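Notes to accompany the following structure.
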Amino acid sequence: MRRTRVLTAVLALAAGLLAGGPPALAADAPAPAAVPQAADTYTWRNARIDGGGFVPGIVFNRSEPDLAYARTDIGGAYRWQESTRSWIPLLDSVGWDDWGHTGVVSIASDSADPDRVYAAVGTYTNDWDPDNGAVMRSADRGASWRKTALPFKLGGNMPGRGMGERLAVDPHDNDVLYLGAPSGHGLWRSTDAGVTWSEVTSFPNPGNYAEDPDDESGYASDNQGVVWVTFDESTGTAGSPTRTVYVGVADKENAVYRSTDAGATWERLAGQPTGYLAHKGVLDAENGHLYLAYSDTGGPYDGGKGRLYRYATATGTWTDISPVAEADTYFGFSGLTVDRQNPGTVMATAYSSWWPDTQIFRSTDSGATWTQAWRYTSYPERENRYVMDVSSSPWLTWGASPSPPEQTPKLGWMTEALEIDPFDPDRMMYGTGATVYGTEELTNWDDDTPFTIRPMVRGLEETAVLDLASPPSGAPLLSALGDIGGFRHTDLTKVPSMMFTRPNFTSTTSLDFAESDPDTVVRVGHADSGPHVAFSTDNGASWSAGTDPSGVSGGGTVAASADGGRFVWSPEGAGVHHTTGPGTSWSASRGIPAGAVVESDREDPETFYGFKSGRFYVSRDGGATFEASPATGLPAGDSVRFKALPGTAGEIWLAGGASDGPYGLWHSTDFGETFTKLPGVEEADTVGFGKAAPGASYRTLFTSARIDGVRGIHRSTDAGASWVRINDDAHQWGWTGAAITGDPRVFGRVYVATNGRGAIYGDPGGGTGPGPSDACEVTYRVTNAWGDGFQADVRLTNTGTAAWDGWSLTWSFPDGRRIAHLWNGTHTQSGTSVTVRNADWNRAVAPGASVAFGFTASGPSAEATPSAFSLGGRECTVK
């Protein structure tokens, strides 16, 4: 993951209380605040890519096997689902107004109560994110959340985000949590399970390290603050706060502090190394060893020197246990983990070793000696202890053929998350800048037997989507993505074999196809070197590089004429240009300002359009010359996206604006000479077209907008006269303003660009669920009960002969029982009638297979099972 992920959000949005401390922060409302439900039921999935972004943190629960969480820098948090070997997204309910809360700076799983999980959220600490951070808390493993707003910002996508974990739950008194804050805000504590928070005013050091103190944007100049919290579980008893707590601080001279009185007082650890930042502090309480991974910078991109140290908690002795001499390091250490079944076994990563590869180190004698994942035999040849199997995500090779000592696929880079499963010494997971890798043969390492590393990332979709296209023939979806370029999806349910290559772009910023010749496709983007434009004549299956006009520094936007014979490109660093053919020679366009957004008419091959700073521009000569439209009242800024309607020349829909000026959705039928603003659409940021509804002649419209006071994904089947919201509270994905398009071949299908949750697509209804010949069986068990409520688990089994693609189970709840929280599905309840539908990840149920969900409910437990269950109108057997 490159820093372009930072720019994605910026460009897209340009648009324990201590005496004497400050008052506690009050808890916020449930997160997110409720908004009206969808007027039409949609099923939402990801177009599968599997990964695609930086995973800076992986956390295993220490008391329950197979319970693990992953955090991403801009794409939310996930929970591991062992039965499906996949990750479940947990923060899709974050809405537009709280988009920054999709950045997760830390996550903590409560080992005393595994149902509890916490996430510290917020994306930027500078003004790119207008809102403060928050701590979100869940009592049902992330199925639902409540949150407490903080009086400062958090930086899930800031420098130093791979350090941690900043958030920790006291293992002996799980109502106590600590949070390390950035920006000089110090150490914070909650004594009521995350409901309220106060600063620990006795903590002496808020940190002082910034990546670049002179950065005027505030991004690299922010103080990275208090970066990790580790409890010594050997110093406490159940029900009382743990006595000894270690805290890491972004300060090269004073990196580690300790409290031995449950956080009342703190001291700098004597004798500690200086000149480095402690990225991680992991405790082996059984042997009394605190392991620390040091780097000379905060990461995740940089780091030129590093050390590993072991601190003896009983004697205060520091031991340098680095596997490499300091003079031989060109990287820092960050990833750090202890085998909880064999505590003398410790592992660490050289996170910033970009070339030729990352390195992973392993010791089975508490750091006295080390082995490494790969070594040189006779340079540049190397020998690996492992075998890489990326057959499930073949694009991880990047289509590259590097020279030794580089290999493809790489072992990784930005490897700051590294965890051995506390219940299984053979299982290890680690995060990279593009995926989560893992093995279930880890102890083979110690026998010099090869072990296989594979992606363990299914369900974790973390791409920032910059543009989408759905041609009328060929692949149903083409995507322009930050950091990994983009993909051609011929099957939305399968991972494509490769991203766009030859040339590879670090980020594709715009793509387009010729409406009457969909095999002709053009894309533009950012590149470390070489051209910034590429052309395809086979619907994006293969590509050839174009030639840049002079001065081009970035992708910008691009448009293909309706017949594919002409192209108009508005790149970064140069003005608008036009060409015929494959773009080997470009000519400057006249009459349109540099930086304009460009699009083509979808019927007239000579007509192109542009928009810049409130003015609309039209070219009728293939992009050679443009004239400004007399249209007024359009958005004054540049946060605008528009498209021409296929099949009708001169018909345009334009979305955009900002809260301090015109904002909404406009329509033109005269080549942009005039525009009419649609009533009721208070805000709109994208617009796209899909297949017309049955019986309708006008294409279906889709938009990410606020309509009649409701933010969401909206659909119109009557040319914008009326709209329905088609997403729901559980499916909001933060910011969805980059792109949207319908599918011209499937009525109702829509593709939604997210900033960190990948390319989402939605279909009306519940998919192809159980059919008439299918049979089902239900097991219903009350697993816990209290005075005014209870918890139940339900298992639904496909006892038929055909697979289900989506399911919907209904039953009746008498006696005023009402579901409060439900996990592993979504539910609605009207009176006594309850309906539970599949989640995205468990919609497919093979014959003989089962799917399980659970819930808490108010009302008497009445442990007798409901008398009947039905699946899509068919009665199930009750077991």
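Every value quoted in this text rests on a predicted model; they were computed, and no experiment measured them. This chain uses plain numbering: 1 for the first residue, then up along the sequence.
Among the candidates E82, E441, E419, the single residue satisfying the salt bridge (charged side-chain N to carboxylate O under 4.0 Å, His left out) test with R427 is E82.
Judged as a ring-ring contact (aromatic ring centres under 6.0 Å, His included), and not counting sequence neighbours, the contacts of W395 are W398, F487. For R141, the salt bridge (Lys or Arg N to Asp or Glu O under 4.0 Å) criterion is met by E64, D115, not counting sequence neighbours. Residues satisfying the salt bridge (Lys or Arg N to Asp or Glu O under 4.0 Å) test with E165, not counting sequence neighbours, are R71. Qualifying ring-ring contact (aromatic ring centres under 6.0 Å, His included) partners for F702, counting only residues two or more places apart in sequence or in other chains: none. For Y118, there are no ring-ring contact (aromatic ring centres under 6.0 Å, His included) partners two or more places apart in sequence or in a different chain. For the salt bridge (Lys or Arg N to Asp or Glu O under 4.0 Å) test, residues two or more places apart in sequence or in another chain that qualify with R116 are D110, D113, D175.
Summarising the geometry, atom OG belonging to S393 is positioned 10.5 Å from atom CE belonging to M498; distances are rounded to the nearest 0.5 Å. Here the CH2 atom belonging to W723 is positioned 11.0 Å from the CZ atom belonging to R715, to the nearest 0.5 angstrom.
A centroid separation of 6.0 Å or more is found between the aromatic rings of Y78 and W80.
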Report the C-alpha separation of R454 and E440 in whole Å, then their side-chain angles, then the decisive distance to 0.1 Å, and conclude whether the side chain to side chain contact (heavy atoms under 4.5 Å, CB included) test is met.
CA-CA 9 Å; R454 296 181 174 91; E440 294 182 319; over 6 Å; no

I would like to know whether L822 and V836 meet side chain to side chain contact (heavy atoms under 4.5 Å, CB included); could you show each step before the answer?
CA-CA 9 Å; L822 184 137; V836 177; 3.7 Å; yes

As a quick check of understanding, evaluate side chain to side chain contact (heavy atoms under 4.5 Å, CB included) for I760 and N46, giving each step before the final call.
CA-CA 4 Å; I760 302 285; N46 273 96; 3.5 Å; yes

Would you sort out whether T779 and S850 count as a side chain to side chain contact (heavy atoms under 4.5 Å, CB included), showing the intermediate values?
CA-CA 10 Å; T779 302; S850 299; over 6 Å; no

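Residues R757 and T72 bring no donor and acceptor atom of their side chains to less than 3.5 Å of each other. Side chains of Y42 and N727: a donor-acceptor N/O pair is absent below 3.5 angstrom, by distance only. Neither side chain, T717 nor T700, offers a donor N or O lying under 3.5 Å from an acceptor on the other.
Side-chain contact check for Q829 versus R818: some heavy-atom pair is nearer than 4.5 Å. Proximity of I713 to I726: side-chain heavy atoms (C-beta onward) are separated by under 4.5 Å at one or more points. The closest side-chain heavy-atom distance from R843 to T43 is below 4.5 Å. When side chains are defined from C-beta on, V55 counts as touching L460, because their heavy atoms get closer than 4.5 Å. Considering only heavy atoms from C-beta on, V169 stays 4.5 Å or farther from S111 through its side chain. With a 4.5 Å cut-off on side-chain heavy atoms, L396 and M388 do not count as touching. No side-chain heavy atom of W823 sits less than 4.5 Å from a side-chain heavy atom of S138. Contact of the Y430 side chain with the T337 side chain is not registered, since no non-hydrogen atoms from C-beta on lie closer than 4.5 Å.
Without hydrogens or angle criteria, N842 side chain to N824 main chain gives a donor-acceptor distance under 3.5 Å. Listed for the S86 side chain is no donor-acceptor partner under 3.5 Å among the backbone atoms of G459. Using a distance-only test at 3.5 Å, with no hydrogens or angles considered, a donor-acceptor pair links the side chain of H714 to the main chain of A705. A side-chain donor-acceptor contact under 3.5 Å links W145 to the backbone of L90. Remark: the backbone N or O of T799 is not paired with any side-chain donor or acceptor of T797 at under 3.5 angstrom. Under the 3.5 Å distance criterion, the side-chain polar atoms of T123 are matched with a main-chain donor or acceptor of G100. Under a 3.5 Å cut-off, the side chain of H101 and the backbone N or O of G734 do not form any donor-acceptor pair.
The pair R749-D763 meets the salt-bridge criterion, since a charged nitrogen lies less than 4.0 angstrom from a carboxylate oxygen.
The aromatic rings of F853 and W807 sit parallel to each other, their planes meeting at less than 30°, with 60° as the upper class boundary. Taking the six-membered ring where the residue is Trp, W733 and H731 present tilted rings, their angle falling between 30° and 60°. Note: F790 and F855 have perpendicular aromatic rings, judged against thresholds of 30 and 60 degrees for the angle between ring planes.
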